[in-house]
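Naming: A, B, ... by sequence-line order, numbering from 1 per chain.
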Protein chains: 2
Amino acid sequence: MDPLETRELRYFVAVAEELHFSRAAERLGIAQPPLSRAIQQLERRLGVTLLERDRRGVTLTSAGQLLLGEARAILDAAAAAARRTRRAASGTKRLILATKAGANHELLRKLLDAHAAEPDATEIEVLLCGMGDQARMLRDGRADVALMQRPFDALAGLDTEDLLTEQQVAILPAGHPLAARTSLTMADLAAVPDLPVARWPRHDGSYEPGPGPEIHDQAQLAQLIALGRTVAVLCASSRSWLWDAHTAVPLADAPHVTTVLAWPPHSRSRDVAGLVRTAARL
Amino acid sequence: MDPLETRELRYFVAVAEELHFSRAAERLGIAQPPLSRAIQQLERRLGVTLLERDRRGVTLTSAGQLLLGEARAILDAAAAAARRTRRAASGTKRLILATKAGANHELLRKLLDAHAAEPDATEIEVLLCGMGDQARMLRDGRADVALMQRPFDALAGLDTEDLLTEQQVAILPAGHPLAARTSLTMADLAAVPDLPVARWPRHDGSYEPGPGPEIHDQAQLAQLIALGRTVAVLCASSRSWLWDAHTAVPLADAPHVTTVLAWPPHSRSRDVAGLVRTAARL
DNA sequence: CTGCGGTGATACCGACCAGGTATGACAGCG
DNA sequence: CGCTGTCATACCTGGTCGGTATCACCGCAG
């Protein structure tokens, strides 16, 4: 009946992540008994057992797993609300745009130029972040809009406007035999055992097993390719940051990549709306 | 610093909506002084003035307007989390699908049949609701998935899968001169002063001004058309509930309508995912 | 079998704060 | 000039949040 308090959700998330009351309490900066009590109270109010207290540790029930996801989203939203409200009040009329470092050079430049040409252009601050960080930046209020790529990035829960769809290309060491070709297929790449395809982190930060190197950032990738140690599959606009030692070859059968402008669904601020309108005119 | 509590947000939303402390306090079931104090405390903790206390009433600052939207979303999410958690624990493996009463007969039947034919089909409960209620049902956890229509419904913050795109038709009284035509344009409709176009409620429940009648539900609309008092523009599948006294005529220049399956972004439950997969195969 | 270490739960207590009542300050208005 | 209605302030009370001490329980080593 009475709604969940964010304090309870914070506590629950801590316990659900640590699966250990004492450690969770330490992380929260409180003692263990109040934490036990708070969780019990939460369970009583919901009328649901969230945790199975097996001697030695704790496991989540299925209801608990569901609540964990919801609670994380709610806490993110609450933190975001506070940040955005403070930013709105501080008077600095500035939009923060998050983008993958190094990606979409051309598009970003065009977008910024077009926006600056608008009559009442609000200043845009560009926030470069790592791989899949844009979604988190949007969700917790550190950014207002983001350039993201479908199908690579997790766009769930975000509003988007498609900007540009492009082919993918293989980035090869310049001297490699395949680099002379004008077009390749995924099968061609897989058939070259001396050049394993680089592995990107998944949304949860883990890597799927495979022979290629684990990629953390673009600089590392660029160097590995230049050294002839790996090959990467990227969207065509990545050409803008290639080295002389790199060659880009179009991939005929790789899925197309769409770069989108994304923003959190409830931030229908005039500034974001204006930028989206500008972007829609490409 | 320390995160917003949902209690504070509830209080703030009440005041922001009523623009009146005493009325808001009454609505919340508490006295006015504690409310004043709670709001002051919220403002102090955020370091932001949310309300401009002009003698006689209260107005929202721009920061306050922003927080109002965010707070509503957070409270919805919290209520949804509680509902879903309770439902998950109650063991009833049942999906609740919300749809506009009367719309999408054919599509809904096909979807339900296809789902029932799946090997491990979870039972689906169909929840018929009024005009734009599906989004709220999804957001506050009363429904798991919904059939909605673009561009009519507010899909912000929901994940969607396109199901069916169709033309719109004009629904006319059977005896009307225009009913004999095989195709119409929006201009044709606007040029008939004796048959004003029905007005649907906007997302906020208000109506834009105009000569046509204000529509609350489909039965009312059907009767008004049959009586020759108005004409409506609907998607082609609405033909399934037409009366003998109605005639549907295709509209050449009206925007197409896409019916989509929508679900809240964080409910990646296996059941919802299964239904989406079934739906994607049309 | 019996301590020992480690789990979460319980008992109890103090301090804080949410909530109530009474009242104040201030503006509009008859 | 009161009267009314606004929100803010002052003060009190009770619930509850958090802390310390302890219990109940289990696995394990000796």
Within this structure, what is the [atom1]-to-[atom2] distance between [X] and [N], rounded to whole angstrom?
X     : N      : atom1 : atom2 : result
A/F21 : D/dC25 : CZ    : C1'   : 15 Å
A/R23 : C/dG6  : CZ    : P     : 12 Å
B/L35 : C/dT21 : CG    : P     : 14 Å
B/E18 : D/dT6  : CD    : P     : 12 Å
A/R44 : C/dT10 : CZ    : P     : 10 Å
B/L42 : C/dC17 : CG    : P     : 16 Å
A/E26 : C/dG6  : CD    : P     : 14 Å
B/I39 : C/dG19 : CD1   : P     : 12 Å

Query raised in the report: Hey, are the side chains of A/D144 and A/L275 touching, using non-hydrogen atoms and a 4.5 Å cut-off?
Result: no
**Report entry** All side-chain hydrogen bond (donor to acceptor under 3.5 Å, both in side chains) counterparts of B/Q149, not counting sequence neighbours
**Finding:** none
Query raised in the report: Which residues pass the side-chain hydrogen bond (donor to acceptor under 3.5 Å, both in side chains) test with B/R150, sequence neighbours left out?
Result: B/D162
N-O pairing of [X] and [Y] below 4.0 Å:
X      : Y      : answer
A/R277 : A/E118 : no
A/R10  : B/E5   : yes
A/R87  : A/E125 : no

Query raised in the report: Is any side-chain nitrogen or oxygen of B/S36 closer than 4.0 Å to OP1 or OP2 of D/dC7?
Result: no
Query raised in the report: Does B/S22 place a side-chain N or O at less than 4.0 Å from the phosphate oxygens OP1/OP2 of D/dG5?
Result: no
**Report entry** Full working for salt bridge (Lys or Arg N to Asp or Glu O under 4.0 Å) between B/E70 and A/R83
**Finding:** CA-CA 11 Å; B/E70 305 272 346; A/R83 275 206 191 82; over 6 Å; no
Requested in this report: Can you check whether any acceptor in the base of C/dA9 is under 3.5 Å from a donor in the side chain of A/Q32, or vice versa?
Outcome: yes
**Report entry** Protein proximity profile, nucleotides 10-18 of chain D - base contact B, sugar-phosphate-only contact S, no contact -, cut-off 4.0 Å on heavy atoms
**Finding:** -------BB
